[in-house]
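Here is the structure we will look at, set down as structure tokens.
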Amino acid sequence: MKYGFIIDNRKCIGCHACTTACKSEHDVPVGVNRTWVKQVEKGEFPNSRRLFSVMRCNHCTDAPCVEICPVEALYVREDGIVDFDKRRCIGCKSCMQACPYDALYIDPETHTAAKCNYCAHRIDIGLEPACVNVCPEHAIISGDMDDPHSEIAMLLSRQQVSTRKPEKATRPNLYYIDADDVSLIASNTEKSDAYFWSSQSLGVGHFAKEAEKLAFSNTDVVDALMKMNGPGDTHKPKTVEVLMDKAKRIYDAPDKGILWGWEVSGYVWTKAISAGTFLVLFLLWFFNKPGNAMMDYTALGVSLVFLALTGLLLVLDLDQPKRFHYVILRPQWNSWLVKGGYAITVFGGLLTLLIAARFFDWQGVYSGAMWATGTVAVVVAIYTAFLFAQAKGRDFWQSPTLAIHMLVHSIMAGAAVLLFLNFLLGAFEEWESFLGLVLVISILVNAVTILFEMVTTHPTQDAKTVVYSITRGRYRNLFWVGIVLVGNILPLILLTVPVMSPVIMVLTAILVLIGIYITEHVWVEAPQRVALS
Ligand code: SF4
């Protein structure tokens, strides 16, 4: 048994009855939607058309929202319906980043994720979903696709159908008849704050605070497409032609803005400092460059404090912060949020053990714990790259270099912190030159990684748009001044000064840490400005 939907665009009249029936059936608050009708106008008078597309959860066979959810709040039923349990949800918003179809929202009343659940409660008693029941045109067809006698199975066998974003390999179970790419592909039309019958400039519901953070403006997207392809380029992608055709989104659900804000870029930064401080301490120990007890305690303490800050920021970002322990106690092991949560916990325990072993002079324990902590520190440094890769909605995060990028950032941050501590506490000359060398190598690797990210040909239009926004669009100042100059070039220049004065040491460390934060901020935020629906 496998339930699915067909949206028959030949019949839809854009009356919004499905939207309102769904709202009423599930008490969906104002400003958020489980299903909605996107309206796009295409062409120019008199050859213009208005297209309606019903948008909702696609009940994917390989649902990325289910895979990323750390607490099994989202799950696939035996009949193929992707359902959710709000009592388990911690409000981490990972599912919203993972869903390529923009199907989920945070309920402003329960502060938990929600979406179309195929009216599972109605299905269980033999009824059809509310939207199917109410549609005056029978434009929404539901049913068991495995039953060859069902209407949906017969339509699927006879009609040509399309799905949204098949390249995401989610195997959606929502099919459109007579759909137009201008509607189904989000980047083909501008996302705006003012539509046909509505102005959303003040924001609504849970996303009111995100009011000014709307997705890329039309100028950003068109500029990106035109500059990448050139106005006269005959190979320009269809998106440019469509935009030139003046396709216009005239009605849609509100933009959800930035889902992961400063707390997430902050946590990636504090995590880099925590893991990196230990990793560089490990390198000093491995290459037999001992400091003194005070340096060791301080470095381990800094690592532990920034780890605690990482946990705090993670909890702060949750919409249900009191449920943060569900990640550890009710884990869904496929989620990298869970693997990361455990890595952070184990890392904290090992750092504490190391402090105790140093204090009580347990030499055997100390060296064993150093190796174990070093291994876990690498996991702590890079697991977020795998979490971001599970966020299938964000094309730019699918980059294979993200793990290297995070590891290198950790080493840079660690070397910078230890350089700073060296100035404050000990001034071991041997450390100074070693840390300088680690910084130079890691900055060079970082620069190459960033260069690779920026010049490599990204496979999708959304990822290309993000690269454009970073290097030439909205984030260009942060990129060229904050990341390239402050975070990489200036520290490199300072590190080439033959004798490092304390002022240079401190300045280098501060510039590197600022550069890393700005990079995390841009890398976390820019991809979220691309509209998913
Ligand atoms: Fe629905 Fe999106 Fe999850 Fe697919 S990924 S099942 S569309 S919420």
Side-chain angles (χ1 to χ4, degrees), residues 1-7 18-19 22 26 28 32-38 53-86 88-107 110 112-120 123 129 131 140 142 145 161-176 179 183-186 206 252-253 256 259 319 332 334-337 387-395 397-398 460 462 527-528 530-533:
M1 181 171 242
K2 193 175 191 74
Y3 280 110
F5 281 123
I6 288 181
I7 309 290
C18 51
T19 311
C22 174
H26 298 280
V28 179
V32 287
N33 300 279
R34 292 188 181 203
T35 186
W36 70 99
V37 186
K38 175 178 167 184
S53 296
V54 174
M55 299 279 169
R56 60 178 57 173
C57 170
N58 288 212
H59 296 279
C60 311
T61 302
D62 293 325
C65 58
V66 172
E67 196 192 0
I68 204 171
C69 176
V71 289
E72 276 179 17
L74 284 146
Y75 56 93
V76 186
R77 298 186 359 154
E78 279 184 1
D79 53 12
I81 295 172
V82 180
D83 204 349
F84 63 94
D85 182 350
K86 68 180 177 195
R88 298 185 78 107
C89 178
I90 58 170
C92 67
K93 303 173 281 288
S94 316
C95 52
M96 298 173 75
Q97 306 284 18
C99 174
Y101 310 107
D102 207 14
L104 293 122
Y105 59 89
I106 293 285
D107 187 308
T110 61
T112 53
K115 66 170 194 70
C116 158
N117 74 337
Y118 209 94
C119 284
I123 297 293
C131 57
I140 308 175
S142 64
M145 298 183 297
V161 291
S162 45
T163 56
R164 289 169 69 195
K165 302 186 186 175
E167 71 280 4
K168 290 285 174 190
T170 55
R171 297 200 284 156
N173 291 306
L174 183 149
Y175 300 89
Y176 292 90
S183 241
L184 293 194
I185 300 175
H206 177 73
D252 199 6
K256 290 171 187 156
L259 305 170
D319 281 44
Q332 190 279 104
N334 287 327
S335 169
W336 274 96
L337 208 66
L387 173 67
F388 280 17
Q390 280 188 323
K392 275 200 174 175
R394 309 296 178 191
D395 291 5
W397 290 344
Q398 308 305 310
T460 68
D462 284 358
Q528 297 182 66
V530 175
L532 296 176
S533 64

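The shown structure was predicted, so the numbers you read here are calculated from the model rather than taken from an experiment. Ligands are counted one by one from 1 in listed order, and the atoms in each one are counted from 1 as well.
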In ligand 1, which numbered atoms sit nearer than 4.0 Å to a non-hydrogen atom of [X]?
| X | answer |
| --- | --- |
| Tyr101 | 7 (S) |
| Ala63 | 6 (S) |
| Pro64 | 5 (S) |
| Asn58 | 1 (Fe), 7 (S) |

Worksheet entry | Under 3.5 Å: donor-acceptor pair, side chain of Gln528, backbone of Leu259 |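 Yes, because the side chain of Gln528 sits within donor-acceptor range (under 3.5 Å) of the backbone of Leu259.
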Fill in: Proximity of Tyr3 and His59 rings by center, below 6.0 Å
no
Discussion item. Below a 4.0 angstrom heavy-atom separation, can you tell me which part of Leu104, side chain or backbone, both or neither, approaches ligand 1?
Written reply: side chain
Worksheet item: For atom 1 (Fe) of ligand 1, what is the nearest protein heavy atom, given as residue, atom name and distance?
Response: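 Heavy-atom neighbour on the protein nearest atom 1 (Fe) of ligand 1: Cys57 SG, 2.3 Å.
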Discussion item. Quick test of your reading of the structure: of Cys60, Cys99, Cys65, whose heavy atom lies closest to atom 3 (Fe) of ligand 1?
Written reply: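 Selected option, by shortest heavy-atom distance: Cys65.
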Fill in: Any N, O or S atom of His59 closer than 2.8 Å to atom 1 (Fe) of ligand 1
no
Worksheet item: Taking 4.0 angstrom as the limit, do Asp395 and Lys168 come out as a salt bridge?
Response: yes
Item to complete: Quick one: do Lys165 and Thr170 satisfy side-chain contact (heavy atoms from CB on, under 4.5 Å)? Show the steps, please.
Response: CA-CA 9 Å; Lys165 302 186 186 175; Thr170 55; over 6 Å; no
Practice prompt. For the residue pair Cys18 and Val37, establish whether any side-chain heavy-atom pair is separated by less than 4.5 Å.
Written response: yes
Item to complete: State, with a plain yes or no, whether a side-chain heavy atom of Ile7 is found less than 4.5 Å away from one of Leu174.
Response: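 Of all side-chain heavy-atom pairs linking Leu174 with Ile7, at least one is under 4.5 Å.
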